[in-house]
Structures are given as C-alpha cells and as structure tokens.
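A short write-up of the structure that comes next.
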Amino acid sequence: MKISAWRYIWTAEDLRNRILITIGLLVIYRLAAHVPVPGVNPDAVRAILDAGGVGGNFLGILDLLSGGTVSNLSVLAMGVYPYITAQIILQLLVPIIPRLQRIMEEDPTRGRELMERWTYYLAVPMAALNAFGQIRIIQSLQPPGGQAILTFGDLGFNLPTITMIVAMTGGTMFAIWLGELISEYGLRKQGLSLIIFAGIVARIPSQLGTLLQDETRWLTSLLVFLVLVVLMAFAIVFVQQGRRNVPVLYPGRRMGNRMSMPVRGNLPLQINMAGMIPIIFAQALLTFPAVIAQFFVTSTTQWVADAANAVSRLFGGQSEWYWLLYFLMVVAFTFFYTDVLFTQQNYGENLKRAGAQIPGVTKGAPTQKYLTKVLRRITLPGALFLGVVAVMPFLVRPLLPVSASLSILSTGLLIVVGVVRDTFFGLDAELKLRGYNDSLLVK
C-alpha cells in the first residue's frame, strides 16, 4: 500500500514546529488587522465600498490585497507593500549605481546585507508617505454629502494627522517584522508572501457574501464566479510553469588520458520571470502621482488645483482610463523588470566561464544578446497575461452584478496561486530532505 509522504508531515518535529509557529504568527497578524487607526470613521469607508462604481471597485481591490484592513482603516491598511516597493526600487538601482553593482559582484553576502538594511531604511519614509496619501485618496472618493472619513476635520500639519501617520507606519513595520519572524522561525523564505496571502484569504468569505446579496441572480453569479476562478487558476499555473528550453553544449570532462564527449543540456527561460512584481510596482507607481497631487488640491491657484484634481482622479482609480493605463504599465514593467533581472544574472559570461556554448552562437556577449532576444520574445505572452490579470475586474464587470467581488479574480488570485504553489514545493522539498519520498511502502 502506498501512502503519500504528506501524511508524515507531522512526524518531523522540526517541520511541525515551523508550521505551528507560522500559523501562530499569522493569527497574531489577523488580530492586529482589526486595530483601527485613531481619528477615522470606518463606516464612511464601507459606504464608499457599498456604493460601487469605479472608485468603489478601486477601493475594493485595495481592501482585498490588504485583507480587509482598508475597509476599517486598520493600522495594517498598507500591509507590507511599502517594504516590497522599497525592495524593488533598490533592485532597480543596482545596475545604475556602479559602486553598488561592484559590491554585489565582488561580495554577494555583503551586498545582500547592505540591500536588506537599506530596504528597511527606505521602507519607513515610504510607509509614512503612503499613509498620508492613502487617507487623502480615500477622502477624494467620498461622495458629496456622505459621511466624513476623518472625525477631527481635515488632514494637515497637526497632532491627529501625525498620530495617524505614525500609527499606520508602525503597523506596516510590525507586519514586516512578523514576516521576518515567519521566514526565520516558520516556513523559510515565505514570510512576507504568507502575510499577503493570509490577508487575501481572510477577505474571500466576505467577498463571496457581497456576491450572493443579489437574490435574483445569486446562483448564476456564483456559477460564473467559480468558473472564472477555475479558469484563471489554471491559466496562472500554466503561465507560471511555462519554460523555453535553450539547448546548451557543455564541454566534456577529462578522465585520465581520455576525454568524454560533450554533454547536451538545456537552459530554461521562464515565460514570466518577473512574477507578480510588475503588478505591485505598477500599483505603487500609479498611486504615487495621486499621493503627490493631494498636496496641491487645496491650492489657491485655480489651475494648480484643477490639475491636481485631474491627476488625483486619474491615478486614484476614479477614471475609466485608469484601467487602460494600469494594463500598459504592467506590460511595460514586466519587460523592464525581466531585463533588469536577466542582465544581473549575466548568463552569457557565466556560460563562457563554464566553457559551455549555445550551438551556433559565439560565447560571451553574443550569447547574452541572443538569450535576451529569446527572453523578450517569450516574455510578451507573459506580460500580456499579467496585464489582463491586473484589469480582470474591469473586463468581467458586465458578467457579475457586484464588481467589488471580482477583485479576487485579479491580483488576489495570482498571489494566492503563487504562494500556494511555492509553499507546496517548499514543504515537499523539506519532506524529501528528511528522508520522506513521494510515496512510502507500508506493509
């Protein structure tokens, strides 16, 4: 009788403790997600979500990705995204700053430590700026005559505003700290991903609840929703697993007086090497102009105030053009981030050092140029797919009556499927390291 090795996941004491620690830390994160920011009115935010429309749909996506913390303006409303954004910015700066690039090449360990330290430094001001901008964007979505978002008046350089920014920044750093604890004492290298995953999964029941509120079409809506989820999950796995195997010829080895024949191998190039990073970076960059515009919406100069309001409306998700701009930016950042990662890996020089060669291509720089050309060609379908995933709520809005419930079909589902896949492979590798194969023969 064959029994899967996953039945023995609790037999390995170390692995069992890591799983329990991970669950405990995620429970602490979910409890902290219900701590509200002082000075806000959560009922006013929920009213915007219930109203629907472009602004409500935009706020619904932010609410899903934050695990429902935006709807009640929790101290964890920004999640760990300021840290991820800071991490991406520093990665993009490596090829631009020669000294930093030299450190990464000469001493990778020191380079990683330097990058981690500066990521924390950069995450703090970014979290503070995002906190202020997020409140102002939510305020701009408030309908005329609606409830006030803030209980103390308007944002300004005063004690209540500073208290809100400090509370939200502290909540973000607390979430980052929990993610680091999970990576160190729980499931390795999965901390921040599981923090985001926990927030999205915790929000799914309420999202389904809003979908079932339509008494006349709830069954049809549910069936359409489930079919779309299954199709999207299948497409995500298919694209994430997609590879282009480039043939590589490795030199033979000398065995005494004889030389073995060259070995043929493959260099796998991923269709989507960038993962979900382009979506996160596009969201952060699209939100940034709206954040900056909030400082000028009350300007006494009329044309400055009008321009600031227009920018805030476009980049704050209140305009129909937002989704087209979002799609184009995701596609562009997929190509850009893939090029940056591939340039840093420098396969052409690494293959040359190993004595390997792609048949018909000169070693060194020509190999890197050839591989870059191939990678850009196969990145196109991956980039278009990420763009479609990002704007899926807008595309399928006519099919379902409640647009806010569609946010799980976009970035949320991409993150959930990716985290589940990575966690599954990670646990499977841990089981094999402890001597459990895919199946054990039991008498």
Side-chain angles (χ1 to χ4, degrees), residues 37-63 70-71 73 77-78 81-82 85 89 125-169 281-330 332-333 390-391 393-394 397 403-404:
V37 176
V40 300
N41 182 9
D43 293 335
V45 182
R46 282 191 284 269
I48 298 174
L49 283 169
D50 295 338
V54 178
N57 194 36
F58 171 75
L59 200 60
I61 293 178
L62 294 181
D63 188 46
V70 170
S71 61
L73 280 181
M78 296 181 295
Y81 289 101
T85 305
I89 291 174
M126 292 200 67
L129 183 62
N130 284 346
F132 181 84
Q134 189 176 83
I135 298 297
R136 291 302 296 262
I137 290 175
I138 294 176
Q139 274 192 307
S140 68
L141 298 176
Q142 177 182 335
Q147 302 181 59
I149 302 293
L150 304 179
T151 59
F152 58 85
D154 197 8
L155 289 176
F157 190 72
N158 49 45
L159 184 59
T161 300
I162 295 174
T163 302
M164 290 179 58
I165 293 175
V166 170
M168 295 181 70
T169 303
F281 198 58
Q283 284 179 338
L285 200 61
L286 279 175
T287 306
F288 187 73
V291 172
I292 300 300
Q294 299 304 317
F295 292 96
F296 302 97
V297 291
T298 57
S299 174
T300 55
T301 306
Q302 188 60 38
W303 71 269
V304 174
D306 291 342
N309 281 314
V311 171
S312 178
R313 182 176 178 81
L314 174 60
F315 292 94
Q318 302 173 62
S319 170
E320 294 290 341
W321 292 102
Y322 173 85
W323 302 105
L324 177 60
L325 185 61
Y326 188 19
F327 173 83
L328 295 176
M329 290 197 69
V330 169
F333 275 119
V391 300
F394 176 76
R397 185 186 301 170
S403 59

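Note that the structure is a prediction, hence the values are computed from the model and not measured.
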| message | Can you tell me how far apart CH2 (W321) and CG (L328) are? Round to the nearest 0.5 Å. | response | 10.5 Å
| task | Write down the atom of Y326, the atom of V391, and the distance for their closest heavy-atom approach. | result | CD2-CG1, 4.2 Å
| note | With M168 as partner, the option from N130, I135, T163 fulfilling side-chain contact (heavy atoms from CB on, under 4.5 Å) is I135
| Can you name the closest pair of heavy atoms from T169 and M78 and give their distance? | N-CE, 4.2 Å
| task | Sequence neighbours left out, what passes ring pair (Phe, Tyr, Trp, His ring centres under 6.0 Å) with F327? Give chain and number order. | result | none
